[in-house]
Amino acid sequence: YRGEFQRDRDRIIHSTAFRRLMYKTQVFVNHEGDLYRTRLTHSLEVTQIARTVALALHLNEPLVEAISLAHDLGHTPFGHAGQDALNKCMRDYGGFEHNLQSLRVVDELEAKYADFPGLNLTWETREGILKHCSARNARDLGDLGERFLERRQPGLEAQLVNVADAIAYNNHDVDDGLRAGLLDIQQLRTQPLFGNHYDDVVAAYPDLEDRRLIYEVIRRMIGHVVTDLIVNTAGNIEVAGIETIDDARSRDRPLVVFSDEVYEAHTGLKQFLRHNLYRHEKVRAMNERTRAMVEELFSSYMADTSRMPPWFETQADGNEQRRARVVADYIAGMTDRFAIAEHERLS
Ligand code: MG
């Protein structure tokens with residue numbers, strides 16, 4: 001009853017890695033509060049934004065859904081702090097990239113089907129999952145890695161999910177940051193994307209309480225950048241005379257992009273969040289703790305692979321490189337709370 005990309009999407013939703021996204025950090029560690037975004041709710045927000053744009057641009061909606069739902073499957077526990085720590089641990093063993101890990105999850109690590117390892121997804125979905133990749137790793141990926149070496153673009157659906165990802169986190173992190181009391185409304189007003197909509201909403205609804213005011217501003221921000229993305233991309237496709245998927249892929253720059261004006265405002269907000277939220281001393285203090293946990297887990301399993309479940313222990317049998325990769329797979333698959341419990345158990 002389903003097309004290929006619908007099947008991809010369903011296999012992703014039924015995967016173990018997808019369910020674990022529920023307990024993985026986006027910015028705030030999972031136990032900090034029930035209202036913050038997790039990797040799962042982030043992935044759902046990315047999906048909905050991307051579907052809207054896909055429908056407006058007549059792109060393939062199920063493909064966009066599949067890529068969006070899978071885009072963060074390879075993320076470690078504890079967000080970027082976890083990824084940095086694991087990458088550092090893996091320095092002598094080929095490194096760790098969450099994008100590449102997402103591909104590894106769907107290609108190899110999910111073990112559910114009798115006939116094949118992984119989820120056996122289509123080439124197009126896998127192309128979209130691999131958002132970026134170093135030249136060294138690209139060389140090992142065959143046809144999937146070629147575009148990174150030849151500086152070509154992925155299909156339009158993959159380009160779209162990339163932007164939808166950025167739209168989702170820019171906006172939900174404003175919401176989460178305000179909720180956590182780490183961001184300040186007056187400070188945010190210096191950002192044109194936030195400030196202009198804020199002024200409009202306050203002018204139209206002077207008595208609105210804070211929570212509704214914030215939500216109303218954010219929904220307008222999302223509407224604003226999504227509309228700009230649709231209009232600008234439709235124009236780009238028209239001007240470039242794109243007729244086939246290969247036309248889109250052969251270009252040296254993406255076609256699914258914001259106008260210059262919105263790009264600048266969007267990037268400004270992203271930098272604002274980096275300085276004021278992602279590098280906030282409270283977030284940093286948490287990152288220090290979780291980074292240490294990941295490093296200690298890594299050394300502990302490397303020293304004795306029987307500390308992992310039997311399946312991983314068996315897989316880790318081989319040279320040091322092999323052992324390190326299996327340990328990294330095991331740690332990357334952990335949820336925040338499982339990693340914390342496991343760290344406690346082992347220390
Ligand atoms: Mg993401």
Side-chain angles (χ1 to χ4, degrees), residues 8-9 12-13 15 17-30 32 36-54 63-87 96-106 121 124-133 154-177 218 221-222 225-226 229 254 256-258 263 266-267 269-274 277-279 283 287 290 332-336:
D8 281 1
R9 176 200 58 201
I12 291 159
I13 288 179
S15 71
F18 185 73
R19 288 195 295 281
R20 290 198 191 112
L21 294 176
M22 191 193 299
Y23 301 105
K24 289 194 183 202
T25 302
Q26 186 66 27
V27 176
F28 298 91
V29 173
N30 179 242
E32 286 181 284
Y36 297 112
R37 266 70 175 189
T38 64
R39 290 258 168 228
L40 179 64
T41 59
H42 161 73
S43 298
L44 296 175
E45 291 186 26
V46 172
T47 307
Q48 297 314 99
I49 289 168
R51 287 176 68 197
T52 299
V53 180
L63 175 56
V64 156
E65 275 189 279
I67 299 171
S68 300
L69 293 169
H71 87 282
D72 271 352
L73 288 181
H75 262 289
T76 60
F78 312 129
H80 280 278
Q83 128 100 21
D84 292 346
L86 200 51
N87 189 29
F96 180 89
E97 290 178 21
H98 65 83
N99 257 283
L100 205 56
Q101 190 69 11
S102 298
L103 192 66
R104 222 170 126 65
V105 167
V106 300
L121 303 182
E124 287 79 359
T125 299
R126 297 170 60 242
E127 174 194 40
I129 290 173
L130 194 63
K131 188 160 75 177
H132 38 72
C133 171
L156 295 175
E157 286 80 2
Q159 295 181 28
L160 166 56
V161 174
N162 204 354
V163 185
D165 186 19
I167 295 174
Y169 64 65
N170 244 11
N171 286 283
H172 64 48
D173 289 349
V174 167
D175 187 33
D176 281 353
I218 291 174
M221 283 163 62
I222 298 175
V225 299
V226 163
L229 182 66
V256 187
V257 288
F258 296 125
Y263 178 78
H266 166 88
T267 310
L269 179 58
K270 193 167 156 175
Q271 280 160 356
F272 175 91
L273 289 169
R274 188 176 305 143
L277 181 62
Y278 311 142
R279 292 187 188 153
V283 174
N287 287 348
T290 54
M334 292 179 182
T335 61
D336 294 358

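One-based numbering, in listed order, for ligands and for the atoms of each.
The angle subtended at the Mg ion (ligand 1) by OD1 of Asp165 and NE2 of His42 is 80°, given to the nearest 10°.
Considering Val64, Val161, Ile167, Leu229 in turn, Ile167 is the only one that fulfils the side-chain contact (heavy atoms from CB on, under 4.5 Å) rule with Ile49. Results of the side-chain contact (heavy atoms from CB on, under 4.5 Å) test with Leu103 over Glu127, Arg126, Lys131 single out Arg126 as the only residue that passes.
To the nearest 0.5 angstrom, Leu100 atom CG is 11.5 Å from Ile129 atom CD1.
The aromatic rings of His98 and His75 sit parallel to each other, their planes meeting at less than 30°, with 60° as the upper class boundary.
With 2.8 Å as the limit, His71 counts as an N, O or S neighbour of the Mg ion (ligand 1).
Asp72 contributes atom OD2 as its closest N/O/S atom to the Mg ion (ligand 1).
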